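To start, the structure itself, in structure tokens.
Just so you know, ligand 1 is whichever comes first in the structure, and atom 1 is the first atom listed for that ligand. Note that the structure is a prediction, hence the values are computed from the model and not measured.
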Amino acid sequence: MENLNVFIIGITGGVGGQVARELRRRGDDVAGLIRKPEQAAALGEFGAEGRVGDLTAVSARELADLIGPADAILFSAGAGGSDMDATTAIDGDGVDKAIEAAHLAGVARFVLVSVFPEAWRDRNEGPGFEHYIRVKKGADVALSRSDLDWVILRPAALLDEPGRGTVALGPAEIHVEVSRADVAETLVEIVHEPGISRQILELTTGDTPIPLAVASNIRGDRA
Ligand SMILES: NC(=O)c1ccc[n+]([C@@H]2O[C@H](COP(=O)([O-])OP(=O)(O)OC[C@H]3O[C@@H](n4cnc5c(N)ncnc54)[C@H](OP(=O)(O)O)[C@@H]3O)[C@@H](O)[C@H]2O)c1
């Protein structure tokens, strides 16, 4: 498998951190955006590089310079259910800025972690959650209209538990839940699979081994 140079926005997060470790384990070069210089040491322990910048403060040009000559950008940042302005700034405007930075840096491959549009709608989570869902959908729209080599992955509700190594992955799945570990492994497979391109895929708990689940979504390769 070809070694890649991957830049992760959200590298210190639950999903992003596990993707970074797995990519490094496979021999890829990994760097990512960190808000505080002291976050670099933990990344350095497994050979990933932290580059300092706040997504809400840097310009697209500055972000492009931080990204450098990457083969792919993974966007797994998020405001994490904080206030609506933060959601708009990070999950929405942050994606717009990263798309512009990808163009400026000349990086075509862009994998975005999004969310099921129907996630937890039955629970009436309130206006902040509705805003979050709206902003995430807006980011999907922006990326899908770009001319990048994009992939949008919509994981179900995230769990901090060991990965099963199996998932359900396809253009439309029923929203259940999925471990961050299985999301991370799926993202690593997707980043490495050029046959998955300009597609929206939904991901939840299931019984298909992750490499097979990803391979079965390669266009023209469906049963
Ligand atoms: N929670 C769910 O059930 C669920 C379901 C579906 C999809 N998702 C989506 O999945 C993605 C990953 O979730 P997660 O649980 O891994 O997220 P997380 O652990 O909350 O990580 C969020 C990441 O974003 C970074 N970040 C936040 N604000 C930033 C800023 N201004 N500049 C630079 N980086 C910033 C954080 O950096 P710091 O370490 O500096 O804070 C962290 O690395 C998110 O996009 C989320 O919306 C979540």
Heavy-atom donor-acceptor pair, Asp28 side chain to Leu4 backbone, under 3.5 Å | yes
For ligand 1, which atoms sit closer than 4.0 Å to a heavy atom of Leu55?
-> 30 (C), 31 (N), 32 (N), 33 (C)
Is there a donor-acceptor pair under 3.5 Å between the side chain of Ser114 and the backbone N or O of Arg154?
-> no
Just one of Val115, Asp91, Ile90 clears the side-chain contact (heavy atoms from CB on, under 4.5 Å) bar with Val135, so which one?
-> Asp91
Could you say whether the N/O atoms of Ile90 and ligand 1 ever approach to under 3.5 Å?
-> no
Any N or O of Gly14 that comes nearer than 3.5 Å to an N or O of ligand 1?
-> yes
Ser114 and ligand 1 - part of the residue with a heavy-atom distance under 4.0 Å = backbone
Nearest candidate to atom 41 (O) of ligand 1, where distance is taken over non-hydrogen atoms, out of Arg35, Gln18, Arg180 = Arg35
Which atoms of ligand 1 have any heavy atom of Ala156 under 4.0 Å away?
-> 5 (C), 6 (C)
State plainly whether one hydrophobic cluster holds both Val183 and Val30, where clusters connect Ile, Leu, Val, Met, Phe, Trp and Tyr through side-chain heavy atoms under 4.5 angstrom apart.
-> yes
Side chains of Ser146 and His103: do they bring a donor and an acceptor to under 3.5 Å?
-> no
May I ask you to decide if the ring planes of Phe116 and His175 are parallel, tilted or perpendicular, using 30° and 60° as cut-offs?
-> perpendicular
Heavy-atom distance to atom 27 (C) of ligand 1: which of Gly78, Ala57, Ala79 wins?
-> Gly78
In one Ile/Leu/Val/Met/Phe/Trp/Tyr side-chain cluster, 4.5 Å: Tyr132, Leu112 = no
Distance below 4.0 Å between atom 20 (O) of ligand 1 and any protein heavy atom?
-> no
the protein heavy atom lying closest to atom 16 (O) of ligand 1 turns out to be Val15 N, 2.7 Å
Out of curiosity, does Leu158 fall in the hydrophobic cluster containing Leu187 (side-chain heavy atoms, cut-off under 4.5 Å, transitive links)?
-> yes
At a 4.0 Å threshold, what atoms of ligand 1 neighbour a non-hydrogen atom of Gly10?
-> 23 (C), 24 (O), 43 (O)
For Lys136, take its heavy atoms, then give the atoms of ligand 1 lying under 4.0 Å from any of them.
-> 44 (C), 45 (O), 46 (C), 47 (O)
Selected option - heavy-atom contact closest to atom 44 (C) of ligand 1, from Gly32, Gly16, Ala77 | Ala77
The single option from Arg25, Gln18, Arg26 passing side-chain contact (heavy atoms from CB on, under 4.5 Å) against Val188 = Arg26
What atoms of ligand 1 come closer than 4.0 angstrom to any heavy atom of Tyr132?
-> 7 (C), 8 (N), 9 (C), 46 (C), 47 (O), 48 (C)
Leu212, CG atom: more than 12 neighbouring heavy atoms under 6.0 Å | yes
Hey, does Ala157 come in under 3.5 Å of ligand 1, counting only N/O atoms on both sides?
-> no
Any idea which protein heavy atom is nearest atom 38 (P) of ligand 1, and the distance to it?
-> Thr12 OG1, 3.4 Å
Please determine if Pro155 has a nitrogen or oxygen closer than 3.5 Å to a nitrogen or oxygen of ligand 1.
-> no
What atoms of ligand 1 come closer than 4.0 angstrom to any heavy atom of Gln39?
-> 38 (P), 39 (O), 40 (O)
With no hydrogens and no angle check, do the side chains of Asp207 and Thr166 hold a donor and an acceptor under 3.5 Å apart?
-> no
How about Asp182 and Ser179: does a side-chain donor come under 3.5 Å of a side-chain acceptor?
-> yes
Which of the numbered atoms in ligand 1 are below 4.0 angstrom from a heavy atom of Leu158?
-> 1 (N), 2 (C), 3 (O), 4 (C), 5 (C), 8 (N), 10 (O), 13 (O), 15 (O), 48 (C)
Considering heavy atoms of the protein only, find what lies nearest to atom 31 (N) of ligand 1 and give residue, atom and distance to 0.1 Å.
-> Asp54 OD1, 2.8 Å
Asp91: numbered ligand 1 atoms lying under 4.0 Å from its heavy atoms = 47 (O)
Nearest neighbour in protein (non-hydrogen) for atom 10 (O) of ligand 1 | Val113 CG1, 3.3 Å
Do the side chains of Ile73 and Leu148 join up, straight or via other hydrophobic residues, at under 4.5 Å, putting them in one cluster?
-> yes
